[in-house]
Amino acid sequence: SHYYSITDDVPAHLVPIFSGYLLNAELRSRPALCALAPSGGRHLLDLGCGGGGALIEGSARFAEITGVDIALRWLVIAQKRLQEAGITARLVCADAASLPFANGRFSHIMASDLLENTRSPTAVIQQCGAMLERAGRLY
């Protein structure tokens, strides 16, 4: 709730809803991660990682985890939550349509609640295809 008290982009009456969404992200991401990688994987990229919920949930399932968000403020929150959970992850501030990684870098990509918030969903999907290893999976 403190985050929303220092920003003016969320009306006060919506703060409990937005805070709950952030704090329940691990639970919400569990079904998607199970569908994406039933037996785990090598390297997860969470595009639009926000507060890091899917990264926290995916940390036991993947050898490496990387989160990308275009908003630095969300990465600060994600870093704090990951630290509190004792989880190491790479966090990168970037546009999902122009990722700073080598092609074929990731075994799995999660892009939940992302495409509807981008200027070019097609460009994001193309980037995902380039970032996945040959037998990689996208959710």
Side-chain angles (χ1 to χ4, degrees):
S1 294
H2 176 70
Y3 168 78
Y4 294 111
S5 73
I6 61 172
T7 61
D8 61 0
D9 58 344
V10 175
H13 71 282
L14 293 178
V15 168
I17 294 168
F18 280 51
S19 295
Y21 187 82
L22 171 68
L23 296 173
N24 292 316
E26 295 90 3
L27 182 61
R28 278 194 338 279
S29 67
R30 189 171 297 150
L33 287 166
C34 288
L36 176 64
S39 58
R42 186 180 61 77
H43 195 169
L44 171 67
L45 171 61
D46 183 13
L47 287 177
C49 69
L55 295 171
I56 293 169
E57 182 64 30
S59 66
R61 191 177 291 272
F62 293 90
E64 293 180 66
I65 52 175
T66 298
V68 168
D69 205 288
I70 199 166
L72 181 60
R73 63 186 178 172
W74 283 110
L75 294 173
V76 170
I77 292 169
Q79 181 63 39
K80 180 67 173 164
R81 294 187 75 220
L82 289 161
Q83 284 175 345
E84 288 174 353
I87 297 167
T88 300
R90 172 183 287 155
L91 298 176
V92 177
C93 191
D95 185 332
S98 182
L99 296 169
F101 306 111
N103 288 351
R105 173 84 171 98
F106 301 95
S107 62
H108 296 79
I109 297 176
M110 175 111 153
S112 184
D113 299 327
L114 174 77
L115 292 177
E116 66 273 21
N117 295 304
T118 64
R119 288 186 184 159
S120 176
T122 301
V124 173
I125 293 294
Q126 288 172 337
Q127 277 289 282
C128 288
M131 295 298 109
L132 281 171
E133 62 188 30
R134 184 177 168 102
R137 297 187 69 191
L138 168 65
Y139 180 94

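- Q127 pairs by the side chain to side chain donor-acceptor pair (under 3.5 Å) definition with nothing, not counting sequence neighbours.
- When the side chain to side chain donor-acceptor pair (under 3.5 Å) test is applied to S107, no partner is found at least two apart in sequence or on another chain.
- A pairwise comparison of heavy atoms in A54 and D46 identifies CB-OD2, 3.3 Å as the closest pair.
- Grouping Ile, Leu, Val, Met, Phe, Trp and Tyr by side-chain contacts under 4.5 Å, direct or through others, leaves L27 on its own.
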*Worked check of side chain to side chain contact (heavy atoms under 4.5 Å, CB included) between C34 and R61*: CA-CA 9 Å; C34 288; R61 191 177 291 272; 3.2 Å; yes
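- No chain of hydrophobic side-chain contacts below 4.5 Å, direct or via other Ile, Leu, Val, Met, Phe, Trp or Tyr residues, connects L75 to I70.
- When every heavy atom of S98 is checked against every heavy atom of A94, the shortest pair comes out as O-CB, 4.5 Å.
- Across all their heavy atoms, L55 and C49 have their closest contact at CD1-CB, 4.1 Å.
- Remark: R90 pairs with no residue by the salt bridge (Lys or Arg N to Asp or Glu O under 4.0 Å) rule, at least two apart or across chains.
- The stretch residues 111-139 participates, sequence neighbours left out, in no ring pair (Phe, Tyr, Trp, His ring centres under 6.0 Å) pair at all.
- Here L114 sits in one hydrophobic cluster together with L45, L47, V68, V92, L99, F101, F106, I109, L115, V124, I125, M131, L132, L138; the rule is ILVMFWY side chains under 4.5 Å apart, joined directly or through other members.
- Screening residues 111-121 for side-chain hydrogen bond (donor to acceptor under 3.5 Å, both in side chains), with sequence neighbours left out, gives Y21-D113.
- Taking each heavy atom of D69 and G50 in turn, the nearest pair found is OD2-N, 2.8 Å.
- Sorted by first and then second residue, the ring pair (Phe, Tyr, Trp, His ring centres under 6.0 Å) pairs with a member in residues 52-71 read F62-H108; sequence neighbours excluded.
- The two residues R137 and P38 have their closest heavy-atom pair at NH1-CD, 3.7 Å.
- R105 is linked by a side chain to side chain donor-acceptor pair (under 3.5 Å) to H43, counting only residues two or more places apart in sequence or in another chain.
- With sequence neighbours excluded, the residues forming a salt bridge (Lys or Arg N to Asp or Glu O under 4.0 Å) with R30 are E57, listed by chain and number.
- Under the salt bridge (charged side-chain N to carboxylate O under 4.0 Å, His left out) criterion, the residue pairs touching residues 125-134 are R42-E133, with sequence neighbours excluded.
- For A63, there are no side chain to side chain contact (heavy atoms under 4.5 Å, CB included) partners, not counting sequence neighbours.
- Closest of all the heavy-atom pairs between S29 and G53 is OG-O, 4.0 Å.
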*Worked verdict on T88 versus L82 for side chain to side chain contact (heavy atoms under 4.5 Å, CB included)*: CA-CA 7 Å; T88 300; L82 289 161; over 6 Å; no
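- The distance from atom CD1 of I65 to atom CE of M110, rounded to the nearest 0.5 Å, is 12.0 Å.
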